[in-house]
2 protein chains.
Amino acid sequence: MFDPLCPSDLSPIRIGDKWAGMIIRCLEHGPRRFSELRVPLRGITAKVLTQSLRTLERNGLVARTAYAGPTQRVEYELTPLGRSLLEPLDAACAWASEHWDELIDAREAPSSFAQ
Amino acid sequence: MFDPLCPSDLSPIRIGDKWAGMIIRCLEHGPRRFSELRVPLRGITAKVLTQSLRTLERNGLVARTAYAGPTQRVEYELTPLGRSLLEPLDAACAWASEHWDELIDAREAPSSFAQ
DNA sequence: GCACCTGGTTACCAGCCGGATACCGGTTAG
DNA sequence: CTAACCGGTATCCGGCTGGTAACCAGGTGC
């Protein structure tokens, strides 16, 4: 999941910053904790994840809830607005997989002009 | 058209680089010349437009045609692949205008946490 | 007492992106 | 001859983005 060969690298369609799209995907099926998010988003550092989550929060796409229990616990979940983004996100993914071949071809064929 | 208050600034959905989405919109209704593109894209410099067009070309979304007439003439138009992007682009615009209010509210309401 | 887990923060840094400015070769208009 | 238009390129620069490394406070396990 989300390895370096992910189609999202090739697609010109982007949601928010580098990680935002994947974070939203991770939250698709319910709230997740900070450390739970770091697992699927392999290689993301704490700082960058925090950064991205804060931006999503500021834009009203994600809600942060800190539970006051004895042990520290923070959960992130999609707001209704964030959830509504899943639709265009799916559209974007559909487009990318539909035109996957053409995207690859275009990248690998600088033949039409020098170099 | 494409003034600084454009919704695209607020929407988290992006197509390619800063100008790519607008360029594609400009080419929606047929081929356009370099200088014709500079008009609606107010403020874009030649370098940046060239840059953006070259990227679009490399990715197979836009085709460049130089006509060999006595006077220099270059036209850019969407490839079928580029044209197929109009669909998700429309979806993105639809989402943005549909959630316009919420986007504004989110931006202007840092009230839920300090500062 | 000590290490460890959780959920971060604080420098610091390299690379890219967009922009400003200047320039260019070819053609046409006056 | 000169100026202007077309479609760029060359160079420089500041700011943002994403990443690394170090550190931290609070609570838990041994």
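Chain A is the first sequence line, chain B the second, and so forth, proteins listed ahead of strands; every chain is numbered from 1.
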Spacing between [X] atom [atom1] and [N] atom [atom2], to the nearest angstrom:
X: A/Glu36; N: C/dC5; atom1: CD; atom2: P; answer: 16 Å
X: B/Leu56; N: C/dC17; atom1: CG; atom2: P; answer: 13 Å
X: A/Gln51; N: C/dA11; atom1: CD; atom2: P; answer: 14 Å
X: B/Lys18; N: D/dG15; atom1: NZ; atom2: P; answer: 15 Å
X: A/Gln72; N: C/dG7; atom1: CD; atom2: P; answer: 6 Å
X: A/Trp19; N: D/dG18; atom1: CH2; atom2: P; answer: 10 Å
X: B/Asp17; N: D/dT17; atom1: CG; atom2: P; answer: 15 Å
X: A/Arg73; N: D/dT28; atom1: CZ; atom2: P; answer: 14 Å

Starting the side chain at C-beta, find the nucleotide from D/dG19, D/dT9, D/dC6 nearest to B/Arg33.
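Of all the options, the side chain of B/Arg33 is nearest to D/dC6.
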
With respect to the side chain of A/Phe34, which nucleotide from D/dG18, C/dG8, D/dT9 is positioned closest?
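The closest nucleotide is C/dG8.
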
Counting only heavy atoms from other residues, nucleotides and ligands, does the tally under 6.0 Å from CD of A/Glu36 exceed 12?
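More than 12 heavy atoms, drawn from other residues, nucleotides or ligands, come within 6.0 Å of this atom.
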
Tell me if the CD atom of A/Glu28 is crowded by more than 12 foreign heavy atoms within 6.0 Å.
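Yes, enclosed.
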
Check every strand shown and say whether [X] touches a base, only sugar-phosphate, or nothing at a heavy-atom separation below 4.0 Å.
X: A/Tyr67; value: nothing
X: A/Arg38; value: nothing
X: B/Val48; value: base

Does the side chain of [X] get closer than 4.0 angstrom to OP1 or OP2 of [N] through an N or O atom?
X: A/Arg54; N: C/dT9; value: yes
X: A/Arg64; N: C/dG8; value: yes
X: A/Ser35; N: C/dG7; value: yes

So for A/Lys47 and D/dG19, does any side-chain atom that can act as donor or acceptor lie under 3.5 Å from a complementary atom in the base?
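Such a pair is found, so the answer is yes.
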
Going only through I, L, V, M, F, W and Y residues with side-chain contacts under 4.5 Å, is there a path from B/Ile13 to B/Trp100?
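Yes, B/Ile13 and B/Trp100 fall within the same hydrophobic cluster.
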
Scan side-chain atoms only and decide if A/Ser11 and A/Trp95 contain a donor-acceptor pair under the 3.5 Å cut-off.
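A/Trp95 and A/Ser11 do not have a side-chain donor-acceptor pair below 3.5 Å.
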
Thinking salt bridges, do B/Asp17 and A/Arg14 make one under a 4.0 Å N-O criterion?
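Not counted as a salt bridge, because no side-chain N and carboxylate O are separated by less than 4.0 Å.
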
Find which nucleotide of DNA chain D each of A/Pro70 and A/Gly43 is nearest to by heavy atoms, and output the residue with the more 5' nucleotide.
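Nearer the 5' end of the strand: A/Gly43.
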
Which residue lies toward the 5' end of DNA chain D, A/Ile44 or B/Leu53, if each is placed at its nearest nucleotide?
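Per heavy-atom nearest nucleotide, the more 5' residue is B/Leu53.
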
